[in-house]
Amino acid sequence: MPERDGYIAGVPCWIDTSQPDPDAAGAFYGGLFGWEFEEAMPAGAPGRYLIARLRGGDVAAVSSPPEGAPPQSVWNTYVWVEDADEAAAKARAAGGSVLSEPFDVLDAGRMAVLADPEGAVFCVWQAREHRGARIVNEPGSLNFNVLNTRDPAAAKHFYGDLFGWTTLDLGSGEFWTLKAYGDYLEQLTPGTRERTAELGAAGFEDVVAAITPIAGGDADTPAHWGVTFSTADADATAAKAVELGGAVVVAPVDAPYSRLTVLRDPQGATFSATAFVPENKDIGREAA
């Protein structure tokens, strides 16, 4: 994939993780994914914001917890919007909540922290100088943002109203889609639509995120947005995470088009890593 320079409205564009000890988190993720870091906050600032890069391109960030927030580790999803203030108003009107009113982030952009009606937290990003992740969908970079929800029907109403998202059911999983995104990718990389059709996943080029239902018997997991990174080898990534002080939550397993694992970093933030395995395309479809 070519290096990105911005996104279109309604597409997840950036991720960061809030960590009580940003330097320790940087050591873990740097060791796991090969990231190099640069401090983005000015000297004397009360917080830390470490931009992670691969081959010089921005992929994610590690930050200290926002002021007043509990000292917990979590990965955050940002969705590109043209107007953060308008997005916050639309989220509230659609039944969501505004946890942090829109505010400027130096010269980088303007953002708001929102929650859907079920309480899943996400951010919207109105870009200025910072134009989101430059490198995605290659080992060590963001591959997917995933909404974990108990009420997919309510989520479809909310995110449809807010971002214009629709859904695609491939039999082995359901995904958020935005027709304009497929058009954008086709323009960025001609032949994208043809290649996804050849893989048996026509329409996947429109996908912007995934939906994972939370099991009915799971009363402890809150609705939330999660992140998935691309890796060349899910088994090796799981082993490396343990070596670096993390933990394996779900051991590597074959899944549709992939082999994936769910991991926890040393400070408690969970995330997934997935390797693209085209021959696994039909896994899960038989039971669908």
Side-chain angles (χ1 to χ4, degrees), residues 3-19 22 37-53 57-70 72 74-117 119-136 141-142 144-147 155 158-165 176 178 180-181 184 188 208-209 224-227 269:
E3 187 169 318
R4 298 293 180 91
D5 181 21
Y7 293 75
I8 65 170
V11 177
C13 63
W14 184 242
I15 54 171
D16 60 21
T17 177
S18 305
Q19 300 272 345
F37 293 90
E38 180 181 350
E39 175 61 72
M41 296 297 284
R48 309 287 304 284
Y49 201 80
L50 308 174
I51 300 289
R53 297 191 174 102
D58 295 358
V59 293
V62 175
S63 75
S64 46
E67 186 177 351
Q72 64 183 20
V74 64
W75 275 99
N76 307 298
T77 287
Y78 292 70
V79 179
W80 186 284
V81 295
E82 297 299 331
D83 187 322
D85 295 79
E86 179 184 348
K90 287 177 69 174
R92 189 179 275 118
S97 52
V98 179
L99 304 184
S100 291
E101 295 288 345
F103 61 94
D104 291 325
V105 183
L106 303 175
D107 296 325
R110 186 168 175 80
M111 65 174 285
V113 183
L114 312 176
D116 68 20
V121 178
F122 62 99
C123 305
V124 290
W125 182 251
Q126 177 184 338
R128 290 172 184 154
E129 291 187 0
H130 184 74
R131 296 179 57 75
R134 296 273 178 172
I135 295 173
V136 293
S141 68
L142 178 66
F144 250 110
N145 304 80
V146 183
L147 175 66
F158 175 77
Y159 291 102
D161 288 348
L162 182 56
F163 298 129
W165 290 353
W176 296 111
L178 186 66
Y181 189 49
Y184 171 78
L188 196 67
V208 297
H224 67 281
W225 277 93
V227 301

[X] side-chain N/O to [Y] backbone N/O, donor-acceptor pair under 3.5 Å:
X	Y	value
Gln126	Ala84	yes
Thr17	Val74	yes
Tyr7	Ala133	yes
Trp75	Ala269	no
Arg131	Asp5	yes
Trp14	Ala61	no

(request) Enter the distance from Ile8:CD1 to Leu188:CG here, rounded to the nearest 0.5 Å. (result)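 Going from the CD1 atom of Ile8 to the CG atom of Leu188 covers 11.0 Å.
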(message) For the CG atom of Leu99 and the CZ atom of Phe122, what is their distance to the nearest 0.5 Å?
(response)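 So the gap between those two atoms works out to 9.0 Å.
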(request) Go through Tyr184 and Leu178 one step at a time and tell me if the side chain to side chain contact (heavy atoms under 4.5 Å, CB included) criterion holds. (result) CA-CA 10 Å; Tyr184 171 78; Leu178 186 66; over 6 Å; no
(message) Show every side chain to side chain donor-acceptor pair (under 3.5 Å) that has at least one partner inside residues 38-47, sequence neighbours left out.
(response)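 Sorted pair list: Glu38-Arg53, Glu39-Arg48.
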(request) Give the intermediate values and the outcome of side chain to side chain donor-acceptor pair (under 3.5 Å) for residues Ser63 and Asp16. (result) CA-CA 7 Å; Ser63 75; Asp16 60 21; 5.1 Å; no
(request) Assign the ring pair Phe163 / Trp165 to parallel, tilted or perpendicular, where the plane angle (0 to 90°) is split at 30° and 60°. (result)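 Correct class here is tilted.
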